[in-house]
There are 2 protein chains.
Amino acid sequence: MNSKIKIALADDHTLFRKGVEELIADWDNMEVVLSECNGAELLKKLTAGNVMPDICILDINMPEMNGFETARAIKATWPHMHILAVSVYDTEFNVISMLRAGAGGYVLKDARPDALKAAIEGLYKNGFHHSELVTGRILHQLLSQTQEANTASLNAKEVEFLKLCCTEMTYREIADIMGVSHRTIDNYRDQLFEKLAIKSRTGLVLYAIRTGIAAI
Amino acid sequence: MNSKIKIALADDHTLFRKGVEELIADWDNMEVVLSECNGAELLKKLTAGNVMPDICILDINMPEMNGFETARAIKATWPHMHILAVSVYDTEFNVISMLRAGAGGYVLKDARPDALKAAIEGLYKNGFHHSELVTGRILHQLLSQTQEANTASLNAKEVEFLKLCCTEMTYREIADIMGVSHRTIDNYRDQLFEKLAIKSRTGLVLYAIRTGIAAI
DNA sequence: TCTGCAAAGGGTGTTTTCACCTTTGTATTT
DNA sequence: AAATACAAAGGTGAAAACACCCTTTGCAGA
C-alpha cells in the first residue's frame, strides 16, 4: 500500500462528524486530515494549503455555506478534487443538484458504514461512485422529466420569499415584510409553482425545508 | 471499576448510530449492548430480555415509532430506565416533550463528543443531565407560558391528519383518504389550531416536521 | 336511567390562496 | 429611436382555507 486516502469532512453536526472520523480511523487505507463544521471553514483551510485532501465529504445542509455552494466553490479552484455528498434526504432534486455541483458520489446518512467505505474507495479509484439506488433515481428523474425546469436556480428574492413562506404569515404580510405589493408576491409564488412543479403553499414549505433553504 | 455502563441506541440514521458506537467504544467505562434502527425494534429487543441496558439513547425523529412514543413505552414497562434524547433540533417543544416523556437528558446531534460522554455519565450517576443551554431554554419556556396548552397529547387521528397535511393534498382530499367528511377534517384542524396555538396549515406543517410526526 | 361528554358531521360567511391575463415602467439591445 | 425583455403591480373570479356555531349519535359514568 502506497499511502492513505486523505479525507476532509464538513458537517455542522459535530457528533455525526466525529462519528465518521472514528469510523474512518478504523479503516487502514484512509485517514481524516481536515474536519470542519461548515463549507466556509473548509474552504479557508483548503486555501491555506497546509494539507490537501483527496476527497471532501460534504453535508448538503450546512449553515453559512451549504453543500451545493461549497462543492461549486471547491470545484472552481480545484477541479480535480473528489467530492462525496452526504445528506439525510434522498430526493431526486438533492442528488441531481449535488452531482451537477460537481460531486462524484452521494451517500445517505442512514447508509451502512461499508457503503460509505465503498463510496470513498470507488470515488478515489474511479472518480465517481453511485449506488444502484441513486443510479435508478437519477435515471428515472432524467428520463421522466421534459428537460429544463428543474435547474431551479433561484434568485435572492425567491429564496427570501421561500423562507418567509415557512412561517404563519399570509402572503400579504410577507409582501409587507419584503416591501413589495401582494401582487408581486403572487408573481413570485406563481413563478415558483411553475418552476418547481408545485401547486400549493404547503408544497413550497416542504420544498424549502427539504432543500435546506428554510432552516426550520 | 465495577462494570461498564450498558447503552442501547435507537436511531434510523445508521451512519450516525455507527459513529456513536465507535465513539462509545473509545470510552472505557461504557459499552453499546443494543443498536436498533427504530423504537419499535428496540422495544422488541428489550422485551426479549436477553440484555438490559442502563441507558437508552433515542433519536426523536424515527420512523415507525418516534422518540417520544418510544420513551413513553419504555418508561411504562421499565420506569427506572434512563433515557437520553438525541435530536437535530433544539426547539423548546422538543426538549420539554422529551423530558415529559421520561427522558433524563437531551443532547443535540451537533454536540461535541465529550458533551455526549458527560450526559451519559451524569444520567447514569444522577438520573438526569442537563446542559446550561437546555436548562435555560426550559426555564424560559416554563416561565413564559401561561401553563396548559402545550401538553399536546395527540390522538391517532390527529397524528394521521398532521402527516397528510404535509402533502399537497387539499383538506377535501385528505378527508377522502381518511374516510371522513371534510367537515370532520375542519374539526380536526380547528382543534389542533386551538391545542397548538397555530393559525394556518403552514403552521401545522412546520409543527409536524419539527416534532418528527411527519417524516419529510 | 339519566347525564354528560366526545366524535362526526352540517350551515354559513369571510379571508386567503390560486389561476390567468393585462398594464406600466425601466433597462437593454439592435 | 424602436424593439425587446423583464420586474412590479393591478383586475377578476374560482377554489380552498379559516371561523363560528349547531345537530346527531354513541358511549361511559353517576
Side-chain angles (χ1 to χ4, degrees), chain A residues 145-211 213-214 216, chain B residues 69 146-211 213-214 216:
Chain A
Q145 80 193 359
T146 48
Q147 225 58 14
E148 89 258 292
N150 89 321
T151 34
S153 63
L154 307 182
N155 62 41
K157 292 270 189 190
E158 289 172 327
V159 170
E160 185 189 358
F161 170 65
L162 269 179
K163 283 180 183 170
L164 293 171
C165 277
C166 297
T167 68
E168 290 207 67
M169 283 188 279
T170 66
Y171 288 130
R172 275 190 150 82
E173 290 166 336
I174 292 175
D176 288 343
I177 298 259
M178 290 183 67
V180 295
S181 155
H182 71 277
R183 291 302 182 180
T184 305
I185 291 295
D186 281 352
N187 287 335
Y188 292 168
R189 183 197 57 212
D190 293 350
Q191 272 173 239
L192 285 175
F193 279 180
E194 170 82 12
K195 207 186 276 193
L196 306 173
I198 287 175
K199 292 189 301 292
S200 66
R201 172 148 178 188
T202 299
L204 290 180
V205 172
L206 295 174
Y207 175 87
I209 292 172
R210 279 199 258 257
T211 57
I213 287 174
I216 199 176
Chain B
E69 297 167 329
T146 47
Q147 228 56 15
E148 88 254 298
N150 86 326
T151 33
S153 62
L154 308 182
N155 62 41
K157 291 274 187 187
E158 288 173 327
V159 170
E160 183 187 2
F161 170 65
L162 269 179
K163 285 182 182 170
L164 293 171
C165 277
C166 297
T167 67
E168 291 208 68
M169 284 188 280
T170 67
Y171 288 131
R172 278 193 148 79
E173 290 166 336
I174 292 175
D176 288 344
I177 298 258
M178 290 183 67
V180 297
S181 154
H182 72 276
R183 291 303 183 177
T184 304
I185 291 294
D186 280 353
N187 285 334
Y188 291 168
R189 183 197 57 214
D190 293 349
Q191 273 173 239
L192 285 175
F193 280 179
E194 169 83 12
K195 206 185 279 192
L196 306 172
I198 288 175
K199 292 189 302 293
S200 67
R201 173 146 177 188
T202 299
L204 291 179
V205 172
L206 295 174
Y207 174 88
I209 291 172
R210 279 199 257 259
T211 57
I213 287 173
I216 198 175

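Just so we're clear, the structure is a prediction, and the values are computed from it rather than from any experiment. Letters A, B, ... mirror the listed sequences (proteins, then strands); counts begin at 1.
You'll find the side chain of B/Phe161 stays beyond 4.5 Å of the side chain of B/Leu164, heavy atoms only. Looking at heavy atoms from C-beta onward, B/Leu204 lies out of side-chain contact with B/Tyr207 at the 4.5 angstrom threshold. In this structure the side chain of B/Val159 reaches within 4.5 angstrom of the side chain of B/Lys163, judged on heavy atoms. For the pair B/Leu192 and B/Arg189, the minimum side-chain heavy-atom distance is 4.5 Å or more.
Distance CD1 (B/Ile185) to C1' (D/dA19): 17 Å, rounded to an integer number of Å. In this structure, B/Glu194 places its CD atom 15 Å from P of D/dC18, rounding to the nearest Å. Atom NZ of A/Lys199 and atom P of D/dA14 are 22 Å apart (whole Å). Atom-to-atom, OH of A/Tyr188 to P of C/dT17 comes out at 17 Å; the value is rounded to the nearest Å.
The base of C/dG9 sits within donor-acceptor range of the side chain of B/Asn187, with an N or O pair under 3.5 Å.
When the nucleotides C/dG9, C/dA7, D/dA8 are ranked by their closest atom to the side chain of B/Asn155, C/dA7 comes out on top. Picking from D/dA17, C/dG9, C/dC18 the nucleotide with the shortest atom distance to the side chain of A/Phe193 gives C/dC18. Each of C/dG9, C/dT17, D/dG10 was ranked by its minimum atom distance to the side chain of A/Tyr171; first place goes to C/dT17. Closest contact between the side chain of B/Arg183 and the listed nucleotides D/dA19, D/dA17, C/dA19 involves D/dA19.
If you find the closest nucleotide of DNA chain D to A/Asp186 and to A/Gln191, the one lying nearer the 5' end belongs to A/Gln191.
A/Arg189 comes within 4.0 angstrom of a nucleotide base, judged by non-hydrogen atoms across all strands.
The shortest distance between the side-chain N/O atoms of B/Ser200 and the OP1/OP2 oxygens of D/dA17 is not below 4.0 Å.
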